[in-house]
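In what follows, chains are A, B, ... by sequence order, proteins preceding strands, each numbered from 1.
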Amino acid sequence: MSRELAKTYDPKGLEDRLYQKWLEKKYFHAEVDHSRTPFTIVIPPPNITGQLHMGHALDNTMQDILIRFKRMQGYNALWQPGTDHASIATEVKIIETMKAEGIDKHDLGREKFLERAWAWKKEYGGRIVSQLKKLGSSCDWDRERFTMDEGCNRAVTEVFVKMHKKGYIYKGARMINWCPVCNTSISDAEVEYQEQAGHLWHIKYPVMNEDGTPSTTEFLTFATTRPETMLGDTAVAVHPEDERYSHLIGKSVMLPIMNRVIPVVTDTYVDREFGTGVVKITPAHDPNDFEVGKRHNLPVINVMNDDATVNENGGKYCGMDRYAARKAIVEELSQQGLLVKIEDYSHNVGTHDRCKTTVEPLVKEQWFVKMEELIKPAVEAVKNGDVELVPKRLEKIYFNWTDNIRDWCISRQLWWGHRIPAYYCDQCGETVVAAQAPAVCPKCGCAHFTQDPDTLDTWFSSALWPFETLGWPEQTEDLQYFYPTDVLVTGYDIIFFWVIRMIFSGYEQMGEKPFKTVLFHGLVRDSQGRKMSKSLGNGIDPLEIIDKYGADALRLTLITGNAPGNDMRFYYERVENSRNFANKVWNASRFIMMNMEGKEVTEPEVSGLQPVDRWILSKLNTLIKDVTGNMESFELGIAVQKVYDFIWDEFCDWYIEMVKPRLYGTGETEIDRASQNAALWTLRTVLIDALKLLHPYMPFITEEIFCTLQSIGGESSGEESIVISRWPEYTAERSYGKEEKDIEIIKEAVRGIRNVRSEMNVAPSKKTAVVVASDREDILATFREGKLFFASLAGANQVDMLCRKEGGAAREGSLSGEEKELQEAGIAKDSVSVVIPGATLYIPLADLVDIEQEIQRLEKEQKRLEGELTRVNGMLSNERFMAKAPEEKVAQEREKLAKYTQMMEQVSQRLGQLKEGRLETV
RNA sequence: GGAAGCAUAGCUCAGCUGGGAUGAGCGCUCGCCUGACUAGCGGGAGGCCAAGGGUUCGAGCCCCUUUGCUUCCACCA
């Protein structure tokens with residue numbers, strides 16, 4: 001079946017059609033196969049509430065590039081997909097929609113609420129998946145998982161029970177971060193500190209007299225940013241060596257409003273330099289105060305309800321919101337004359353990263369993961385390179401967190417999530433942690449239990465993702481074969497939430513790292529460098545971009561012009577450029593196929609290839625080597641940039657143009673036909689390999705062209721899809737150094753000619769021609785000497801080619817129509833012939849360059865060469881350099897020296913001639 | 001208070017372990033509808049690589065200092 005490409009590139013329809021085909025053919029499906037090496041990536045599971053945003057697009061593009069690359073290289077490539085239940089994010093969303101209907105979560109009840117949640121999951125969980133497909137993600141969808149599916153539930157329970165048994169999970173009353181809006185505890189990682197303008201209230205408490213009455217003259221003054229917490233004060237602290245207060249040690253002060261007598265304690269935690277050197281201690285509402293309280297056995301008085309209103313411990317302020325209470329308390333203190341002053345003060349306030357509410361530090365009973373032991377292998381792994389972070393500098397951030405690790409609060413007062421497998425005896429209160437509710441209480445024999453109402457932090461299950469998705473806790477074949485995974489691709493913003501937790505979980509549960517490399521990317525920002533956010537309304541919807549420009553264009557845009565781990569800005573202009581590139585590829589392919597139509601293209605002997613053919617093949621060969629190398633070291637942007645340059649610049653702008661005359665030839669003679677065949681074969685060969693190199697980045701367009709190409713021009717490679725085609729390999733035989741150099745000289749010459757022509761503003765006339773010498777060496781010498789700079793190339797971009805014999809007589813049968821025309825037009829007699837096998841330039845002798853200009857140019861060149869020679873000579877005559885530089889390098893430099901010396905001679909000679917007024921014409 | 005990153009063409013950014021800045025895209029400018037492509041072709045202008053020191057035969061790249069911007073971490077009331 002021979003198909004034709006549409007006249008213009010239009011990604012619409014095409015992309016969906018091809019993706020459908022890939023799914024049907026099961027190209028993305030991976031099975032255990034011990035004859036092949038696995039390559040595994042697990043997807044960072046997107047939230048079921050999520051809509052595809054630019055961050056996802058970037059993240060998944062990178063993964064897809066890697067997995068497609070490895071698949072083509074012959075690895076058994078598995079990209080394991082799935083979604084995350086995202087407990088708090090989802091629960092908040094559902095509550096919002098319920099609110100719109102006037103329904104309250106607690107009125108509905110847990111069971112009904114969960115029903116709604118599952119319905120939500122069913123409705124929206126698939127949305128993000130279909131969006132990932134739009135992007136071209138080659139995930140093995142047959143293996144799609146969900147963090148709350150049966151297998152993951154089992155994994156979570158298993159881990160919880162196991163770690164509890166080991167003492168790594170415990171329940172305890174500790175200082176936690178409480179979100180009064182979401183009504184749940186949150187972990188340290190979820191607290192975001194924000195600089196906020198506030199006040200520093202200077203307050204004084206009366207010192208107690210010996211007789212038990214508060215003094216009216218002696219006070220202890222201190223400053224606080226949160227006066228309302230005074231309701232829970234249980235001490236006042238000073239530094240033990242602070243002489244200003246040494247006489248008060250052991251005494252007490254009267255807590256106003258509450259009329260409670262509290263002690264003055266000493267603690268080195270107090271900074272003598274700050275404020276008055278006195279701190280009020282509220283163990284229940286400040287992490288530091290909590291620690292101080294523990295050291296001094298102070299009572300912990302919680303004065304706050306879960307919704308951040310004052311509770312019954314707050315006396316008359318009971319029921320008041322924390323901020324209202326603050327105002328009222330300041331007012332009352334002021335009336336009592338205990339308010340010294342109010343200062344403006346800017347300080348960091350902890351907020352909940354999801355709802356931005358100011359978190360309330362509270363002492364509560366929660367479940368925790370003890371981190372001290374667990375974190376050790378995770379630290380060691382990164383230190384010894386077992387797990388590699390790319391870019392490396394992120395290790396610092398990693399270690400900063402691990403070095404200061406604190407126990408992980410994992411219980412959440414939410415309903416949507418994995419319920420904690422802890423059961424409390426209704427009778428004696430005994431706690432049993434087990435996969436299932438026990439039949440009878442081991443302590444009192446009671447048969448009635450109540451399960452802990454709390455659920456687990458959503459990251460608890462995500463931490464198990466790399467192995468739970470492969471079947472753990474079962475010892476499946478998949479697990480043994482695909483684990484540990486190879487690369488994890490993610491943003492640096494979730495290094496604490498996820499990456500670290502996966503690493504220690506992998507070592508703890510599997511005894512093995514979860515992945516070998518973590519490839520980080522940055523944030524996608526808007527064109528002004530701002531974070532894309534809903535509130536700013538500056539988000540760019542990737543789906544809109546895909547709709548307008550195609551997924552290929554979006555992918556290319558996201559992957560180029562950016563170094564690993566750096567943030568990037570998103571510009572529409574860059575997407576347009578990517579789309580234009582796609583169009584370029586499309587049209588070049590169309591051109592090639594047009595010329596191949598109806599012809600049997602056969603592989604020529606190497607000798608049948610012309611120098612330009614060998615040149616582009618050699619260039620391609622180098623490209624294959626470079627691109628493969630870059631991709632293997634995760635330099636994705638650099639790799640594709642090289643492919644881009646090769647296709648657009650070398651292949652389209654040079655090779656195709658150089659080869660056109662051969663294609664347009666009549667094909668009357670054997671020589672012409674052979675030449676044409678060689679050109680066509682080269683065109684097709686280079687195109688196919690270039691498409692393959694491009695495929696991981698632009699899967700759709702490359703597949704479409706690849707498949708069409710298979711049906712045209714005779715022999716096909718037998719590969720049915722580029723998705724599963726073989727990645728091109730570098731072969732030493734296809735490296736043609738000589739041709740590369742020769743063609744570069746010709747290119748340089750042509751550029752020079754165009755340059756001159758443009759500067760002289762020569763009227764375009766594509767029929768003008770000049771030929772300068774008679775054989776290959778001669779013409780190359782001519783180019784090297786720069787003689788061609790004395791003429792300009794008429795015609796536009798084409799570098800036309802003819803073959804001529806020495807003395808200007810055309811080789812039999814090789815005169816093209818154009819050349820005949822030239823002769824007839826009498827142009828040839830004003831020209832000199834050049835033969836470059838495969839290339840002839842037409843240069844009108846009439847267009848001579850200004851000699852002064854040429855002298856200037858040469859002088860500049862001379863100066864440049866002088867500089868070069870100094871540099872190279874400096875290196876080669878340097879003992880230290882010669883001692884430690886690799887041989888290859890030295891050889892390279894020697895070569896340069898020879899080249900520059902030769903060039904220098906020529907330039908000097910030429911310059912001398914010009915200055916003497918010789919050689920104005922060729 | 002710690003730590004990291006950035007500072008290269010008008011704009012946004014690449015430049016891998018130190019060895020010629022023919023850097024990329026966009027923009028600007030001049031000329032072209034050349035038988036694939038105006039989503040195109042050809043030419044051009046535009047950079048003392050933030051400042052100052054140092055190491056080196058040689059520094060955009062390594063070291064130190066300074067300035068400006070960004071980000072992360074941290075319990076200073």
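A salt bridge does not link A/R574 with A/E576: none of the charged nitrogens is closer than 4.0 Å to a carboxylate oxygen. The existence of a salt bridge linking A/R525 and A/D567 is confirmed by a sub-4.0 Å separation between a basic side-chain nitrogen and an acidic carboxylate oxygen.
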Contact list (N/O, under 3.5 angstrom) for nucleotides 23-28 of chain B vs protein:
unit_1	atom_1	unit_2	atom_2	d
B/G25	O3'	A/N577	ND2	3.0
B/C26	OP1	A/N577	ND2	3.3

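Atom P of B/G25 sits at a distance of 30 Å from the matching atom of B/U71, rounded to the whole Å. The separation of B/A14 from B/G23, taken at their C1' atoms, amounts to 7 Å, rounded to a whole angstrom.
If you measure from atom CZ of A/R406 to atom C1' of B/C75, you get 8 Å, rounded to the nearest angstrom.
With A/I203 as the fixed residue, the side-chain contact (heavy atoms from CB on, under 4.5 Å) test singles out one of A/I342, A/L220, A/T224: A/T224.
For A/R569, taking side-chain heavy atoms from C-beta onward, the closest of the listed nucleotides B/G5, B/C73, B/C13 is B/C13. Of all nucleotides listed (B/A36, B/C72, B/A74), B/A36 comes nearest to the side chain of A/N587.
Cation-pi geometry between A/K660 and A/F591 is met: the NZ or CZ atom falls under 6.0 Å from the ring centre, inside 45° of the normal.
If you take CH2 on A/W654 and CG on A/D649, they are separated by 8.5 Å, rounding to the nearest 0.5 Å.
Mapping A/Y492 and A/T224 onto RNA chain B by nearest heavy atom places A/Y492 closer to the 5' end of the strand.
Between the side chain of A/Y697 and the main chain of A/L636, a donor-acceptor pair closer than 3.5 Å is present.
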